[in-house]
Number of protein chains: 2
Amino acid sequence: MVKPTDSELEILHVLWLNGPSTVRQIHEELSRNRDIGYTTALKLMQIMYEKGLLTRTEDARSHVYTAAVSEEDTQRSLVDRFVETTFRGSASKLVMQVLGQHKASREELDEIKNLLKQIDQNTTDEK
Amino acid sequence: MVKPTDSELEILHVLWLNGPSTVRQIHEELSRNRDIGYTTALKLMQIMYEKGLLTRTEDARSHVYTAAVSEEDTQRSLVDRFVETTFRGSASKLVMQVLGQHKASREELDEIKNLLKQIDQNTTDEK
DNA sequence: TTGTATTTACGAAAGGCTTCGTATATGTTT
DNA sequence: AAACATATACGAAGCCTTTCGTAAATACAA
């Protein structure tokens, strides 16, 4: 599984959110957050294409790029790596850190609680 | 807050675990996990010293290095960054990902549930 | 004291990421 | 057709990280 850099993640996020886009569209989105030249965005996307992170159609004058990796898979693989390097493999340590640090909304907390319940049940079932 | 690289994190982990150490000691620990030259470890630690990630005493022939940043603070700052880049700031999404993916032990799950209860109470108190 | 081992310091190479300038191709407008 | 706008391709610079070789200092042993 390929590990996207931070810049590449920015681009992937736009594609995941908006669907297939041209370089111009991506560049416009990125420009909202920070200063970045058009050819810089272009180059990034060309490299991502070589890496297999993006696909593209070259029919039109402007190429249309599509994310070749899913948000789910990418996040999973990044989380794996992060847990390993930063928490020495202890996922629960990470969870505790996050919950202790960030304010989650009531809805989010409920979601998490429900998820925990499900895990509980599954664990019990297995026995 | 400085962001340690993955290699630097490895070194910090050893120092957090074992306390102040010489280059030799660090190198021995790192060698357990992967091939790495002695001078490579030395150079890394010298750079970390310049960055302010480590302090050192030069009294003895062998310098003794100490972590200049705490594990807690470092993890907090790394988590912040990670949530931002990978989950666009949604901490709960990260938690859901981790819980859905990694098997946590019963004790860990209980810990997390307790933490959630505390958060619940605090949230209620505030109202 | 001479040689051996260990340590630090330093420089430099290799590779990756980000950035942009320039060249070239391709449409569009007048 | 000529001028203009826009797109892609490409190369290269600048920076950072990792890696290691080599030199110089320091301690110890024969």
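Letters A, B, ... mirror the listed sequences (proteins, then strands); counts begin at 1.
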Can you tell me how far P of C/dT19 sits from CD of A/Glu8, to the nearest Å? 12 Å
Any side-chain N or O of B/Ser7 under 4.0 Å from OP1/OP2 of D/dT18? yes
Is the shortest side-chain N/O distance from A/Arg56 to OP1 or OP2 of D/dA9 below 4.0 Å? yes
When rounded to whole Å, the CD1 to P distance for the pair A/Ile47 and D/dA12 reads 15 Å
Under 4.0 Å between a side-chain N/O of A/Arg34 and OP1 or OP2 of C/dT19, yes or no? yes
From CG of B/Asp6 across to C1' of D/dT18 the rounded distance in Å is 12 Å
Each nucleotide of nucleotides 20-30 of chain D classed B (base within 4.0 Å of a protein heavy atom), S (only sugar-phosphate) or -, in 5' to 3' order, makes BBB---BS---
Rounded to whole Å, the CG-C1' distance (A/Leu42 to C/dT22) equals 13 Å
Min side-chain heavy-atom separation A/Val95-B/Leu94 under 4.5 Å: no
For a quick test of reading the model: is some side-chain N or O of A/Thr5 closer than 4.0 Å to OP1 or OP2 of C/dT18? yes
In this structure, how many angstroms lie between the C1' atom of D/dG11 and the CD atom of A/Glu50, rounded? 13 Å
Roughly, in whole Å, what's the span from CG in B/Leu44 to P in D/dC16? 16 Å
One thing to verify: whether A/Glu58 and A/Arg56 come together as a salt bridge, which I'm taking to mean a side-chain N less than 4.0 angstrom from a carboxylate O. yes
Within this structure, what is the CE-to-P distance between B/Met48 and D/dC16, rounded to whole angstrom? 17 Å
So, is A/Gln46 close to the D/dT8 phosphate, meaning a side-chain N or O under 4.0 Å from OP1 or OP2? no
A/Glu72: side-chain hydrogen bond (donor to acceptor under 3.5 Å, both in side chains) partners, not counting sequence neighbours: none
Give the intermediate values and the outcome of side chain to side chain contact (heavy atoms under 4.5 Å, CB included) for residues A/Met45 and A/Ile11. CA-CA 8 Å; A/Met45 293 171 75; A/Ile11 292 174; 3.9 Å; yes
A/Lys51: what forms a salt bridge (Lys or Arg N to Asp or Glu O under 4.0 Å) with it, not counting sequence neighbours? A/Glu8
Determine whether A/Leu12 and A/Val64 fall in the same hydrophobic cluster, where Ile, Leu, Val, Met, Phe, Trp and Tyr are linked whenever their side-chain heavy atoms lie under 4.5 Å apart. no
Check whether any side-chain nitrogen or oxygen of B/Lys3 sits under 4.0 Å from OP1 or OP2 of D/dT17, and answer yes or no. no
Atom pair distance, as rounded to whole Å: CZ in B/Arg24 and C1' in C/dA5: 10 Å
Could you grab the distance from atom CZ of B/Arg81 to atom OG1 of A/Thr86, nearest 0.5 Å is fine? 11.0 Å
